[in-house]
Amino acid sequence: MKVIVWVARIIVAGIFAFFAIGKIEDPIKFAEQIQNYRMVPLEWTHAMAFALPWLEVVAAALLLIGLWRAEARYWILFMLVGFTLAKLYVEIIEGRHIDCGCAGGILKDLFGASGEKILAGWNGIYLNLFLIVLLLTDAIHSPTGRRAPRISVEGVAPSKTQPVS
Amino acid sequence: MTKSLMKMLVILALSSAIGGASAFFRGLPWQPNKQVVEQKQKLRDVVGERHEQIRKSAGIALDEFQAMIQRGAVVIDARTREDYEKAHLRIDSEPPVLNMEPDKADAAALNRLVNVSDRPFVIYCNSADCTLGEELYVVLEQNGFAGMKIYVDGWDGITKAKLPTTSGPDIWGADAMPPDENRDEPAQSSEGTP
């Protein structure tokens, strides 16, 4: 099970960090992709485009190194669910087909013009759902972080606060 | 719970600080140009509404695209400047293939077309999924041009058909372009796909 958890973790963190590179490289293009959703005030889009990719990188790094792993996992889950709902709203309710902005411009840099099509339409949503499943797999099979109570010799857990008798 | 929330806020603050500092040192603007963004969104809405109609009335296949070039049509590449400079279609007549992104089709850029407006225009962009060609079609139409055609398969079709290509900036009629668009590097020719 440990292997599955680590594979899930590495895939999620790897994809998050990899996709963040394109957005960090060209934040203005990423801002335009955020603007295409028409869900946040225009004035916020540049600030979001500057901060979001770094949030992805920091959360991915924390997920891997194990420091504040639960909180990093919450952030990644929050972003994935948010992006997926936004994309579903634009595709289904508004009927607009936009570039999901999931990877900034990195896929285009790697695969040319056809790279942009890889995550177009529903593909971006499928990828997010796949990442959510992986993240939940990691969360379910990881220890919660709470330490089990230390058992004393007599079989009673020692308490820090002793009742005043 | 509160401890977790605090840690999440620290992660957010740290990421925002790095992102903000990076933007500051790169000199990136903190606010978009509202007018430009709204104009772009309006153009995309028009294209969204007229997509089928434009494809039906102006879309052409490879045969007709090549026939139009033979007849002396003006070919316009609606892709981004970076894509155009990397590689674009090479034709042997004047003007060469022009680069005009719909978002940047201002008066100076459109002025270049006035001298050749007696000839048919054919536009291409990346692929059949690309809407830049249709956006440029609408921009040209709004500026009084008519009879434009769009090569639907675009750059994908050009590379698949192994049509001759070249690279380098668009310098044709550079006098009509604004100063920041003036480029003096010569284009490099090459046969076949890049």
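Naming: A, B, ... by sequence-line order, numbering from 1 per chain. Please read these numbers as outputs of a predicted model, since none were measured by experiment.
Shown are Glu38(B), Gln41(B), Lys40(B); of these, the side-chain contact (heavy atoms from CB on, under 4.5 Å) with Gln35(A) is made only by Gln41(B).
Of the listed residues (Pro29(B), Gly48(B), Cys125(B), Ser22(B)), the one with the most heavy-atom contacts under 4.5 Å to chain A is Pro29(B). Among the candidates Ser16(B), Gly19(B), Gly20(B), Ala17(B), the residue making the largest number of heavy-atom pairs closer than 4.5 Å to chain A is Gly19(B). Between chain B and the residues Arg96(A), Arg38(A), Glu43(A), the most heavy-atom pairs under 4.5 angstrom are made by Arg38(A). For the set Thr131(B), Leu14(B), Asp45(B), the entry with the most heavy-atom pairs within less than 4.5 Å of chain A is Asp45(B). Ranked by non-hydrogen atom pairs under 4.5 Å with chain B, the options Leu42(A), Val57(A), Ile24(A), Val58(A) are led by Leu42(A).
Summarising the local packing, CE of Met6(B) is surrounded by 12 or fewer heavy atoms from other residues, nucleotides or ligands at distances under 6.0 Å. The 12-atom threshold is exceeded at CD of Gln53(B), counting heavy atoms of other residues, nucleotides or ligands nearer than 6.0 Å. Residue Glu94(B) qualifies as enclosed at atom CD: its count of foreign heavy atoms under 6.0 Å is above 12. Residue Trp6(A) qualifies as enclosed at atom CH2: its count of foreign heavy atoms under 6.0 Å is above 12.
Under the 3.5 Å distance criterion, the side-chain polar atoms of Trp75(A) are matched with a main-chain donor or acceptor of Met8(B).
Only the side chain of Glu32(A) comes within contact range of chain B, judged by heavy atoms closer than 4.5 Å. Proximity to chain B (any heavy atom under 4.5 Å) is restricted, for Ile28(A), to the side chain, taken from C-beta onward. Residue Leu62(A) touches chain B through its side chain alone, counting heavy-atom pairs closer than 4.5 Å.
Hydrophobic cluster membership is shared by Met79(A) and Leu136(A), with clusters built from Ile, Leu, Val, Met, Phe, Trp and Tyr side chains linked at under 4.5 angstrom. Taken together through direct or relayed side-chain contacts under 4.5 Å among Ile, Leu, Val, Met, Phe, Trp and Tyr, Tyr84(B) and Val75(B) form part of one hydrophobic cluster. Hydrophobic clustering keeps Phe78(A) apart from Val133(A) (ILVMFWY residues linked when any side-chain heavy atoms are closer than 4.5 Å, directly or through intermediates). Cluster annotation: Val122(B) is not connected to Val152(B) through the hydrophobic network of ILVMFWY side chains, with a link wherever side-chain heavy atoms come within less than 4.5 Å. Hydrophobic clustering places Ile132(A) together with Leu52(A) (ILVMFWY residues linked when any side-chain heavy atoms are closer than 4.5 Å, directly or through intermediates).
The two residues Ser15(B) and Leu55(A) make their nearest non-hydrogen contact at OG-CA, 3.2 Å.
Considering only heavy atoms from C-beta on, Ser4(B) comes within 4.5 Å of Tyr74(A) through its side chain. Looking only at side-chain heavy atoms (C-beta outward), Val10(B) and Trp68(A) come within less than 4.5 Å of each other. Annotation: side chain of Lys3(B) is not in contact with side chain of Glu71(A) (no heavy-atom distance under 4.5 Å).
To the nearest 0.5 Å, atoms CZ (Phe50(A)) and CZ (Arg26(B)) are separated by 8.5 Å. Atom CH2 of Trp54(A) sits about 6.0 Å away from atom CD1 of Ile18(B), to the nearest 0.5 Å.
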